Amino acid sequence: MFDKILIANRGEIALRVIRACREMGVQSVAVHSTADADAMHVRMADEAICIGPPSSTDSYLSIPAIVAACEITGAQAIHPGYGFLSENARFVEILEDHGITFIGPTSEHIRVMGDKITAKDTMKKLGVPCVPGSEGGVATVEEAKALGEEIGYPLIIKATAGGGGKGMKLAKSADEMEQAFQTARQEGKVNFGNDEVYIEKYLGKPRHIEIQVFGDGKGKAVHLGERDCSLQRRHQKVFEEAPGPAIDPETRARIGRICADAMADINYIGAGTIEFLYEDGEFFFIEMNTRLQVEHPVTEAIFGVDLVREQIRVAAGVDMSFDQDDLVINGHAIEVRINAEKLPNFSPCPGKITQYHAPGGLGVRMDSALYDGYSIPPYYDSLIGKLIVHGRNRPEALSRLNRALGELIVDGVDTTIPLFDALLGQKDILTGDYDIHWLEHWLETNLQG
Ligand code: ADP
């Protein structure tokens, strides 16, 4: 096992990793920008080191600064959290050159899955069902239009390097193709330095269902069921639950097996998430995330496992602590993302927290780096906390969420808490009857109108 791990991240996810380290008796090193000198992860880690100015490009994304921090502190491994360098294959290669272990998959797997065209092609070959669409990249508008004739509209044009909802454009008819095609290319180029795009059938009312997988890198892989993350705004998840209200045990076992087998086939190591759209009983692969997800705690709650601990174990060459048969679902869990954002437009709302009170009690977990008097810096993501509740069944989880939201106090900045209060009054949320468009429709008529 490692003696010391450096966490190349900030906020709640840095705390999440520090907590796992502490329980495992491993020393933790926090890195921080000058803007985060007073941040909770800096206070909680065993050691902390400043790696640069506020801009993430010069701090949390600076590979030389992070490698130097490892060398200075003697950390043997790096946990990347999510975002920042977590899916950067080059970073992993540089760490290898420096003899530092990356707590995550190999650079090759990151590269294959980070390019959506290669990812889809690989998954198809591994027997994972995919969304119908172009075979590989589409180079010209003419080619795109010909494909439209062949498979029919609506279509979605996606940048192969895209992420976070960027580089994705809808074309409802041939007339809209030119504009959608050029915009997706442009967004891919500007945001990800790659203008290659591909095309998929646009599904009208799917759910977003993602399968949590975990591999030991030596041919063993398991699945930990699904999360339903259909409630999204601008392709960003806001409310996630496990198990999925629309998935029965047979369906879960079937798709879970396909995913676990695919990961075993490629000797995948660590945690991964295979994302699907699910419509009329069918799964369609959209992308794979080769890292821990923001929403991993709902899976931890229903399976009673610590995914970060497992990531650290397999990275250190220790066996996974579970087999597929050990993984039995217990109850239902829901996570809501608390963002420092002002409704109805969800505009970022950084500032000073004048009062913070976290909810508690049975089945309540609050993952947050907030504290009284903390100033949320304006440079980073607006996620300031995740409230996760666990109950024996979905109705119990929902009433627990309602109760916990009532206890949660975040004063001084606007947050998304009122959104969740409102959602808990909606019949479709209470019955679990929603798809990936539900929230946007609801927001149009209820919040923004
Ligand atoms: P990103 O990497 O930007 O998150 P994804 O490929 O994971 O992009 O897609 C994000 C979201 O976009 C999905 O959860 C879904 O809401 C929507 N989406 C993606 N592909 C399609 C599709 N073929 N049809 C309909 N909606 C889609």
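All of these numbers come straight from a predicted model, not from anything done at the bench. Counting starts at 1 for both ligands and their atoms, in listed order.
- Ligand 1 places these atoms under 4.0 Å from at least one heavy atom of Gly164: 1 (P), 2 (O), 3 (O), 4 (O).
- The closest non-hydrogen atom to atom 1 (P) of ligand 1, taken over Lys116, Lys158, Met168, comes from Lys116.
- A donor-acceptor contact closer than 3.5 angstrom is absent between the side chains of His332 and Glu396.
- A 6.0 Å sphere centred on CD of Glu108 holds no more than 12 heavy atoms belonging to other residues, nucleotides or ligands.
- The distance from ligand 1 to the heavy atoms of Glu275 drops below 4.0 Å at these ligand atoms: 7 (O).
- Distance from atom 12 (O) of ligand 1 to its nearest protein heavy atom, with residue and atom name: His235 ND1, 2.9 Å.
- In this structure, a donor-acceptor pair under 3.5 Å is absent between the side chains of Arg10 and Ser56.
- Residue contact check: His208 has heavy atoms under 4.0 Å from atoms 14 (O) of ligand 1.
- Nearest protein heavy-atom neighbour of atom 24 (N) of ligand 1: Leu203 N, 3.0 Å.
- Annotation: atom 7 (O) of ligand 1 to nearest protein heavy atom, Glu287 OE2, 2.7 Å.
- For Tyr380, the ring pair (Phe, Tyr, Trp, His ring centres under 6.0 Å) criterion is met by Tyr60, not counting sequence neighbours.
- Looking from atom 16 (O) of ligand 1 to the surrounding protein, the closest heavy atom is Gln232 OE1, 2.9 Å.
- Remark: the backbone N or O of Arg90 is paired with a side-chain donor or acceptor of Asn88 at under 3.5 angstrom.
- Applying the salt bridge (Lys or Arg N to Asp or Glu O under 4.0 Å) test to every pair with at least one member in residues 256-280, sequence neighbours left out, gives these pairs: Lys205-Asp280, Lys237-Glu275, Arg257-Asp261.
- Nearest protein neighbour of atom 3 (O) of ligand 1, counting heavy atoms only, is Gly165 N, 2.5 Å.
- Nearest to atom 26 (N) of ligand 1 among the protein's heavy atoms is Ile436 CD1, 3.6 Å.
- A donor and an acceptor atom, one from each side chain of Thr299 and Gln212, are nowhere located under 3.5 Å apart.
- Near Tyr202, the atoms of ligand 1 lying under 4.0 angstrom from a non-hydrogen atom of the residue are 24 (N), 25 (C), 26 (N).
- If you check the side chains of Arg234 and Gln232, you find no donor sitting under 3.5 Å from an acceptor.
- Among protein heavy atoms, atom 18 (N) of ligand 1 sits closest to Leu277 CD1, 4.1 Å.
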